[in-house]
Amino acid sequence: MGNNDILGTHGEALKLFGDRVHAVREDQWEAPTPCAQWSVFDLVNHLTAEQLWVPRLVRDGSTIAAVDGDFDGDQLGEDPVGAWDRASAAAMAAFAEPGALHRSVHLSYGTTPADAYCTQLTADAVVHTWDLSRAIGADERLPQRLVSAALREVEPYADVLEGSGLFAAPVEPPADADDLTRLLCLLGRRP
């Protein structure tokens, strides 16, 4: 994908996740999600923290060690929706700065091109949009463009994700599975 496509897809994924965050009712923040041991609050907090890392890594060129611990714990406070909105806007702005996608970022597993980091975060937002949708009873269908981008991102390294300890074992998809079902099954979800 070209840089404009990467930015467009990233922005679309964050907007979709944000739409779901805005749909969370007050009585749903502690509801379980398809992510083992994560409530709705925990899931939104995770995605918010991911967005908070972006300006520091992409714009400022910080390392993981320099940022270590800054985004641990509760990043949502008393205003989960507002915290998400601010963090996602800052992440989109950092990636959209001139030349940002041509930079390198220093991640836990090594130096990575910023455009690859952006596509990884896009895939994460897409999958977690489905998780949040399921948790709050929202529409679980996702735009094909986003699903295709996430599947394209995840497929090459899906086999090593379970070993990271962050993902459940893959689930065998049905023979006639669509792209969304294949994506979710690769990441251990049971659609």
Side-chain angles (χ1 to χ4, degrees), residues 1-18 21 33 35-38 42-76 83-132 146-170 183-184 186-189:
M1 281 197 291
N3 287 348
N4 288 338
D5 287 336
I6 291 170
L7 291 174
T9 304
H10 177 255
E12 189 178 342
L14 293 189
K15 182 185 179 323
L16 187 64
F17 186 80
V21 171
T33 70
C35 302
Q37 302 175 3
W38 274 1
D42 297 327
L43 176 64
V44 174
N45 190 64
H46 163 71
L47 260 286
T48 300
E50 278 191 346
Q51 305 321 305
L52 292 171
W53 278 90
V54 174
R56 298 281 300 275
L57 297 177
V58 175
R59 185 192 62 220
D60 301 343
S62 295
T63 63
I64 294 290
V67 182
D68 186 39
D70 288 359
F71 304 120
D72 291 349
D74 180 0
Q75 299 301 311
L76 302 179
W84 163 259
D85 288 345
R86 289 184 296 277
S88 62
M92 286 188 288
F95 276 127
E97 287 180 3
L101 292 181
H102 297 291
R103 297 177 189 146
S104 294
V105 292
H106 307 285
L107 304 176
S108 59
Y109 53 85
T111 302
T112 302
D115 60 348
Y117 177 47
C118 188
T119 59
Q120 290 165 15
L121 291 178
T122 299
D124 202 46
V126 170
V127 172
H128 286 317
T129 297
W130 180 86
D131 293 330
L132 185 55
L146 293 179
V147 171
S148 295
L151 186 59
R152 200 170 42 249
E153 171 61 28
V154 170
E155 276 182 319
Y157 55 81
D159 58 337
V160 299
L161 292 176
E162 179 187 3
S164 72
L166 301 173
F167 295 86
L183 174 66
L184 296 170
L186 273 175
L187 299 174
R189 270 77 169 169

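In this text, all values refer to a predicted model and were calculated from it rather than measured experimentally.
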Q: Would you list the pairs meeting salt bridge (charged side-chain N to carboxylate O under 4.0 Å, His left out) in which at least one residue belongs to residues 84-113, sequence neighbours left out?
A: Asp79-Arg86, Glu97-Arg103

Q.
To the nearest 0.5 Å, what is the distance between CG on Leu76 and CG on Asn45?
A. 4.0 Å

Q) Taking side chain as C-beta onward, heavy atoms only, is Thr9 less than 4.5 Å from Leu146? A) yes

Q) For Glu155, what residues pass the side-chain hydrogen bond (donor to acceptor under 3.5 Å, both in side chains) criterion, not counting sequence neighbours? A) Arg182

Q | Taking every non-hydrogen atom, the tightest pair across Ala100 and Ala94 | A | CB-O, 3.2 Å

Q | With sequence neighbours excluded, residues passing side-chain hydrogen bond (donor to acceptor under 3.5 Å, both in side chains) with Asp42 | A | Ser39

Q: Output all residues satisfying salt bridge (charged side-chain N to carboxylate O under 4.0 Å, His left out) with Arg56, sequence neighbours left out; order by chain, then residue number.
A: Asp70

Q: Decide side chain to side chain contact (heavy atoms under 4.5 Å, CB included) for Trp53 and Ile64; before the verdict, give the C-alpha distance in whole Å, the side-chain angles of both, and the deciding distance to 0.1 Å.
A: CA-CA 9 Å; Trp53 278 90; Ile64 294 290; 3.6 Å; yes

(Q) Can you pull out every ring pair (Phe, Tyr, Trp, His ring centres under 6.0 Å) where at least one residue sits in residues 88-121? Sequence neighbours excluded, please. (A) His10-Phe95, Phe95-Tyr117

**Q.** Pairwise distance OG1(Thr63) to CG(Asp68) - rounded to 0.5 angstrom
**A.** 9.0 Å

Q. For Glu50, which residues count as a side chain to side chain contact (heavy atoms under 4.5 Å, CB included) partner, sequence neighbours excluded?
A. His46, Leu47, Leu121, Asp124

**Q.** Smallest separation among heavy atoms of Ala91 and Gln51, with atom names
**A.** CB-OE1, 3.4 Å

Q | Listed partners of Ser148 passing side-chain hydrogen bond (donor to acceptor under 3.5 Å, both in side chains), at least two apart | A | Gln144

Q: Output the distance between atom CG (Leu57) and atom OG (Ser104), rounded to the nearest 0.5 Å.
A: 12.0 Å

**Q.** Any residue meeting side chain to side chain contact (heavy atoms under 4.5 Å, CB included) with Pro113, in chain and number order, not counting sequence neighbours
**A.** Asp115, Ala116

Q: Kindly write out the residues that satisfy side-chain hydrogen bond (donor to acceptor under 3.5 Å, both in side chains) with Arg189, not counting sequence neighbours, or none if the list is empty.
A: Asp131

Q: Write down the atom of Ile6, the atom of Leu101, and the distance for their closest heavy-atom approach.
A: CG2-CD1, 4.1 Å

Q | Distance in Å, Thr112 OG1 paired with Leu107 CG, rounded so as to fall on 0.5 Å steps | A | 4.0 Å

**Q.** Rounded distance (nearest 0.5 Å) linking atom CG of Asp74 with atom OG1 of Thr48
**A.** 9.5 Å

**Q.** Under the ring pair (Phe, Tyr, Trp, His ring centres under 6.0 Å) test, residues paired with Trp84 that sit two or more places apart
**A.** Phe17

Q | For Glu153, all residues meeting salt bridge (charged side-chain N to carboxylate O under 4.0 Å, His left out), sequence neighbours excluded | A | none

Q.
Quick check: closest heavy atoms across Ala114 and Val105, and the distance to 0.1 Å?
A. CB-CG1, 4.3 Å

